[in-house]
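Notes for the one structure printed next.
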Amino acid sequence: MFYSILVLIHVLAAIIGIGVTFAFPVISNMAKNLSQLKHTLGLLKKLELYPKIGGGILIVTGLIMGFITPAYFKEIWFVGSIVLYIIIELLIYVVIGSKMKKVVPVVMSSDGEEIPEEYMAVSKSTAPIHMLATLLAIIIIILMSAKPF
């Protein structure tokens, strides 16, 4: 029973915490002017809470399931999912996060309605990284669902 509840919590954390991140690139590209961009960045800041909490719950519940069933640590689908998740976290929080941390103050202190070039450049350079993170998340979902190896 405990294991079933753990799986349920794990799946809910994935849906609620990670599911929202699939929309981040779409949301961030919707702004057509500076006012909209400022609103969008504020919205994304609030939405970041979901993957932070959900991601933490995912790691904790996943590792607990692994400790309950130690054989999982010998399975490629399990270890591979953990490794891919760590890569996603590094891509999002280290690579994209560091770039955005530098450009958000520029956006927030800008006047007028034209989106700053600095933001456009960062947005363009992080788009492929977002796509890669999304692809890796899809691979994790496939590995967790199908357990092919």
Side-chain angles (χ1 to χ4, degrees), residues 1-31 34 36-109 115-116 118-149:
M1 180 70 169
F2 174 72
Y3 191 83
S4 297
I5 292 171
L6 205 56
V7 171
L8 176 63
I9 292 168
H10 190 76
V11 171
L12 288 173
I15 293 167
I16 296 167
I18 306 306
V20 69
T21 63
F22 286 97
F24 278 20
V26 174
I27 294 169
S28 63
N29 289 325
M30 290 183 72
L34 185 60
Q36 290 178 357
L37 180 58
K38 288 179 179 182
H39 177 75
T40 298
L41 291 175
L43 174 64
L44 290 173
K45 184 73 174 161
K46 289 178 182 176
L47 289 174
E48 279 179 5
L49 187 62
Y50 290 92
K52 286 179 182 177
I53 293 171
I57 293 170
L58 278 174
I59 288 293
V60 170
T61 56
L63 290 175
I64 291 171
M65 287 186 281
F67 291 127
I68 290 171
T69 312
Y72 284 173
F73 287 104
K74 295 178 183 171
E75 299 287 337
I76 293 172
W77 65 267
F78 186 80
V79 176
S81 294
I82 293 170
V83 170
L84 292 177
Y85 185 77
I86 291 168
I87 292 170
I88 290 171
E89 292 296 302
L90 290 172
L91 289 173
I92 297 299
Y93 291 108
V94 176
V95 179
I96 294 175
S98 66
K99 290 181 179 197
M100 289 302 292
K101 193 176 278 188
K102 293 174 187 171
V103 78
V104 167
V106 172
V107 170
M108 294 307 193
S109 65
I115 295 174
E118 297 93 337
Y119 177 82
M120 297 302 286
V122 167
S123 180
K124 186 175 181 178
S125 72
T126 59
I129 301 167
H130 270 288
M131 290 175 62
L132 176 59
T134 300
L135 176 64
L136 294 177
I138 291 168
I139 292 170
I140 290 172
I141 292 167
I142 292 168
L143 288 173
M144 287 281 156
S145 300
K147 298 173 178 53
F149 320 104

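Quick note: residue numbers are just sequence positions, from 1.
Closest approach of Gly17 and Val20 over heavy atoms only: O-CG1, 3.6 Å. Heavy-atom minimum distance, Gly54 versus Ala13: O-CB, 3.8 Å. Taking each heavy atom of Phe24 and Pro51 in turn, the nearest pair found is CZ-CG, 4.3 Å.
Atom-to-atom distance recorded for Ile16:CD1 and Ile9:CD1 is 11.0 Å, nearest 0.5 angstrom. To the nearest 0.5 Å, the span separating OG on Ser81 from CD1 on Ile86 amounts to 11.0 Å. Considering CG of Leu63 and CG of Leu58, their distance stands at 10.5 Å, rounded to 0.5 Å. Rounding to the nearest 0.5 angstrom, the gap separating the CD1 atom in Ile27 from the NE2 atom in His39 is 10.0 Å.
Partners of Phe2 by ring-ring contact (aromatic ring centres under 6.0 Å, His included), not counting sequence neighbours: none found. Partners of Ala31 according to the side-chain contact (heavy atoms from CB on, under 4.5 Å) rule, which considers only residues two or more places apart in sequence or in another chain, are Gln36, Leu37, Thr40. Taking the side-chain hydrogen bond (donor to acceptor under 3.5 Å, both in side chains) definition, one finds that Tyr119 meets it with nothing, sequence neighbours left out. A search for side-chain contact (heavy atoms from CB on, under 4.5 Å) contacts involving Met108 returns Lys38, Leu41, Val104, not counting sequence neighbours. With sequence neighbours excluded, the residues that form a side-chain contact (heavy atoms from CB on, under 4.5 Å) with Val60 are Ile64.
Within the structure, salt bridge (charged side-chain N to carboxylate O under 4.0 Å, His left out) contacts touching residues 41-51 (residues at least two apart or in different chains) are Lys45-Glu48, Glu48-Lys52. For residues 95-108, there are no salt bridge (charged side-chain N to carboxylate O under 4.0 Å, His left out) pairs, not counting sequence neighbours. Note on residues 59-76: pairs passing side chain to side chain donor-acceptor pair (under 3.5 Å), not counting sequence neighbours, are Tyr3-Tyr72, His10-Thr61. For residues 47-68, the pairs satisfying ring pair (Phe, Tyr, Trp, His ring centres under 6.0 Å) are Phe67-Phe73, with sequence neighbours left out.
Contact check for Ile68 versus Leu6: side-chain heavy atoms found under the 4.5 Å cut-off. The shortest side-chain heavy-atom distance between Leu132 and Leu91 falls under the 4.5 Å cut-off. Looking at Tyr85 and Ile18, their side chains come closer than 4.5 Å, going by heavy atoms from C-beta outward.
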Quiz prompt | Test side chain to side chain contact (heavy atoms under 4.5 Å, CB included) applied to Val107 and Ile115, step by step | solution = CA-CA 7 Å; Val107 170; Ile115 295 174; 5.8 Å; no
Donor-acceptor pairs under 3.5 Å, side chain of residues 133-149 to any protein atom, not counting sequence neighbours: which ones?
unit_1, atom_1, unit_2, atom_2, d
Thr134, OG1, His130, O, 2.9
Ser145, OG, Ile141, O, 2.8
Lys147, NZ, Met144, O, 2.7

